[in-house]
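For reference, the structure discussed in these notes is given below.
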Amino acid sequence: MGKRRYGALYAWLALAPALALIGLIVVFPILYTGYISLTNMNIYHWFTFRIIGLRNYINALFVFDSGFLSALGVTALWTALNMVFQLTVAFVMASLLNIEKLRYRKVYKTLLMFPWAMPGYVSILLWRNGMFNSQFGLLNQWMERLGLEPVRWLSGDVSAFLSSMFVNLWLALPFMILIMDGALQSVDRSYYESAVIEGAGWFKRSVSLTIPAIKPIIAPAVVITLFTTFKQFDVIYLLTRQAGARTGANLHTVLTYAYENAFVTNNYGFSSAVSMILFFLLIGFSLTTKLRARRAAQ
Amino acid sequence: MNKTAKRAGLLLLNVFFIAVCFGVLVPILYAFSVSLNAQNSILGTDFSFIPRALTLENYRAVLFDRPVLLWLGNTVTLALSSVCIAMLVAVPGAYSLSRLRFKGRKSVFNGLILLYSFPAILSMFAIYRLLSPIGLINTKAGLIIVYVGTMAVFGLLNLKGYFDSVPVEIEEAAQIDGANGLQTVMLILLPLAKPALIVTGMMVLIYVWNEYIYAITFMTGADNYTLAAGLYSLQATEMSGSWPVFAAASIVVSLPILAVFFATQRFMVSGLTAGGVKG
């Protein structure tokens, strides 16, 4: 009994430094954000803010003009499209990489990892300033050479969305390819042989054999990527919304929306309410995925 | 299928992969080439990936005309301190969550999973309000606390996940042989968990190296910038005039991270997926 109590003491002591830091940097901000979300703190009420109840939440959720709901819609579309493209492209690429007798697959794999290895913000800034720049960007140099009009890639909402999605795929695909590649290699080869003998083509084999076999292996990585895609901030912020260097597109995901309300228009109360709504949404997601995973495991 | 058709297919596949790899690398190759090119005409349409005349002038400008070396020093200090402190707090914590049984263990674990979903960027305002009265704004210590606190959740979860996958029987056998608690951890568990330790440390390093929003908001004065904050301000203030210098700076900033990444890449899949979280 005594030993056990000491055990618990050691356990908490070992956890204490990490939990203290998490308390300061993660838990306190959430609680504080929850408190501010109930107030009217903004640039006019910096010190004189007062509690206004749930008005910020009502504004975010039921006043369509606030922009939150459309940002949420854009984020949902963004997440769905990114995931679909990521999964299909990564699956095809990984399948091709695993074709027998492909001798230089190691070289290709290493080269394909570069977008993941580069610092993310550097890549995004290179895309913005090197590729998409409307005057001296490489894409418009190519357009010109093809005799086409230069395009302002990042100024329209739709073209900015597509450009951002392309950059996000460029950044995220290496991780997904790596995961798919690992999963494909862990699938038992003998598993296929009967299918090959029966004359099933690549597509049929993929749908009926490969995909069911790799599903449980890639599931955690897919869930993680789903969350990081939903929470993506850097791509859209750095490409279109940098302070003082906006491109004219009015593209918002929920995170850039919350950020802008806090730090550009200084509407802290409202931004905090948006942050809390996002937090609850993300908790909801993670509880559902956990429940589904548990059910699938049974 | 006959032999020639097979060989043609394989050739086609190789051509395909060469094209894809080149396509993927275009933004990086373009920056690299521009940074070395002696005759950059900004509006020129005759760009080629192999510069006609080479120069290191842009690199000289990056290293000596801009405070890049100062920023590099700041970043290295911040990154190394954050990695050390993060590992020092996360390893014992994760050990405790994985190996010790105590009341509240499950709640701590579940709480961490929920906290992991709160995007760090949304905490910035509250953290500013917390750190400014105690004078930690505009200090390296303040940023280190922010970085370690942000990455501690990931570190605990990732390491705990990996520790869980290490069979406890090995440690029990060592204990029967007379090893004490500390010895079992240091000599048995940690060596076995090497992939997770390396990957966790590397994720913290990469996070700090690449973080620009906190660095630019909390630090004032270009002397205190990190590389990320500095590069961000470089492109924001003088971009149009000096894209070649920016390109050179991008390459300089990326090289150390590329080196670390490829040196640790072979641990990546096992070190990340066992814990089930990604930074």
Side-chain angles (χ1 to χ4, degrees), chain A residues 7-8 10-11 14-15 17-18 21-22 24-30 32-33 96 99 101-102 108 111-115 117-123 125-127 129-131 135-136 138 141 144-145 178 182 220-221 224 227-228 231 233 242 244-245 255 258-259 262 268 275 279 282-283 286, chain B residues 10 13 17 21 24-25 27-28 30-31 42-43 45 47 89-90 92-93 95-96 100 102-103 108 113-115 117-119 121-123 125-127 129-130 145-146 148-150 152-153 156 209-210 212 228 231-232 235-236 239 243 246 250 253-254 257-258 261-262 265 269 273 276-278:
Chain A
Y10 280 132
L15 268 169
L21 279 164
I22 291 169
L24 275 180
I25 300 303
V26 187
V27 178
F28 166 79
I30 296 174
Y32 187 78
T33 305
L96 291 175
I99 287 178
K101 290 188 187 146
L102 181 65
Y108 300 141
L111 290 176
L112 289 176
M113 288 304 121
F114 263 83
M118 291 277 291
Y121 74 99
V122 171
S123 302
L125 293 177
L126 285 181
W127 271 97
N129 299 316
M131 304 300 289
Q135 294 148 35
F136 55 91
L138 192 59
Q141 291 184 29
E144 212 164 311
R145 209 178 286 180
L178 194 71
I224 294 158
F227 277 84
T228 39
K231 293 197 281 185
F233 173 84
Q242 285 180 48
L255 237 62
Y259 179 83
Y268 293 105
S275 303
F279 183 45
L282 288 164
I283 287 182
S286 71
Chain B
L10 207 59
L13 191 64
F17 270 116
C21 290
V24 162
L25 293 177
I28 304 166
Y30 178 48
I42 274 192
L43 296 170
T45 53
F47 171 76
V89 303
Y95 174 80
S96 171
L100 306 175
F102 55 97
K103 235 190 198 165
V108 171
I113 289 195
L114 293 187
L115 292 178
S117 55
F118 196 75
I121 192 160
L122 298 182
S123 308
F125 173 60
I127 293 178
R129 298 283 276 204
L130 176 74
I145 293 175
V146 173
V148 175
T150 306
V153 181
L156 283 179
W209 202 276
N210 294 351
Y212 61 98
L231 198 64
Y232 175 84
Q235 64 93 35
M239 188 46 240
W243 154 236
F246 175 75
S250 302
V253 167
S254 305
I257 283 295
L258 287 174
F261 182 92
F262 285 109
Q265 196 202 359
V269 172
T273 46
V277 282
K278 180 184 150 201

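Chain letters run A, B, ... following the sequence lines, proteins first, then strands; residues in each count from 1.
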Inset, instruction - Specify whether A/Tyr108 and B/Phe17 have parallel, tilted or perpendicular ring planes, treating 30° as the upper limit for parallel and 60° as the lower limit for perpendicular. - result: parallel
Inset, instruction - Look up atom CZ in B/Phe262 and atom CE in A/Met113, then write down how far apart they are to the nearest 0.5 Å. - result: 8.0 Å
Legend entry - Test log, rule side chain to side chain contact (heavy atoms under 4.5 Å, CB included), inputs A/Leu126 and B/Phe246: CA-CA 9 Å; A/Leu126 285 181; B/Phe246 175 75; 4.1 Å; yes
Legend entry - Greatest number of heavy atom pairs closer than 4.5 Å to chain A - which of B/Ala90, B/Ala31, B/Gly93: B/Gly93
Legend entry - B/Tyr30 to A/Gly130 - nearest heavy-atom pair and separation: CE2-O, 3.1 Å
Inset, instruction - Please name the pair of heavy atoms, one in B/Leu258 and one in A/Met118, separated by the smallest distance, quoted to 0.1 Å. - result: CD2-N, 3.9 Å
Inset, instruction - State the CG-OG1 distance between A/Leu21 and B/Thr150, to the nearest 0.5 angstrom. - result: 9.5 Å
Inset, instruction - Start with the C-alpha gap between A/Tyr259 and B/Phe125, add the side-chain angles, then the distance that decides, and say whether ring-ring contact (aromatic ring centres under 6.0 Å, His included) holds. - result: CA-CA 10 Å; A/Tyr259 179 83; B/Phe125 173 60; over 10 Å; no
Legend entry - Spacing of B/Ser96 atom OG and A/Tyr10 atom OH [to the nearest 0.5 Å]: 12.5 Å
Inset, instruction - Go through the atoms of B/Ile145 and report whether side chain, backbone, both or neither lie under 4.5 Å from a heavy atom of chain A. - result: both
Legend entry - When A/Leu112, A/Ile99, A/Ile30, A/Thr33 are compared by non-hydrogen pairs under 4.5 Å with chain B, the top option: A/Ile30
Inset, instruction - Would you check if A/Ile22 and B/Leu156 make a side-chain contact, meaning some heavy-atom pair closer than 4.5 Å? - result: yes
Inset, instruction - Go through the atoms of A/Lys231 and report whether side chain, backbone, both or neither lie under 4.5 Å from a heavy atom of chain B. - result: side chain
Legend entry - Minimum side-chain heavy-atom gap B/Ser123-A/Ile25 below 4.5 Å: no
Inset, instruction - Check each atom of A/Ser286 against the heavy atoms of chain B and say whether the ones under 4.5 Å are side chain, backbone, both or neither. - result: side chain
Legend entry - Option that, when pairs with chain A are counted at under 4.5 Å, heavy atom only, ranks first among B/Ala228, B/Ala152, B/Ser250: B/Ala228
Legend entry - Distance-minimising heavy-atom pair for A/Leu178 and B/Gln265: CD1-NE2, 4.5 Å
Legend entry - Contacting moiety of B/Tyr95, where chain A heavy atoms sit under 4.5 Å: neither
Inset, instruction - Considering only heavy atoms and a distance below 4.5 Å, find which of B/Leu130, B/Ile257, B/Val146 pairs most often with chain A. - result: B/Leu130
Inset, instruction - Check whether A/Tyr121 gets within reach of chain B through its side chain, its backbone, both or neither, counting any heavy atom under 4.5 Å. - result: side chain
Inset, instruction - Name the member of A/Pro17, A/Ala262, A/Ala117 that forms the most heavy-atom pairs with chain B at distances under 4.5 Å. - result: A/Ala117
Inset, instruction - Tell me, for B/Leu115 versus chain A, whether the close heavy atoms (under 4.5 Å) come from the side chain, the backbone, both or neither. - result: both
Inset, instruction - Measure distances from B/Tyr212 to the heavy atoms of chain A and classify the residue's part below 4.5 Å as side chain, backbone, both or neither. - result: side chain
Inset, instruction - Locate the shortest heavy-atom distance separating B/Ser117 from A/Phe279; write the atom from each residue and the value. - result: OG-CE1, 4.0 Å
Legend entry - Heavy-atom closest contact (A/Pro115 atom, B/Val24 atom, distance): CG-CG1, 3.4 Å
Inset, instruction - Identify the heavy atoms of A/Tyr32 and B/Ala126 that sit nearest to each other, and give their distance. - result: CD2-CB, 3.6 Å
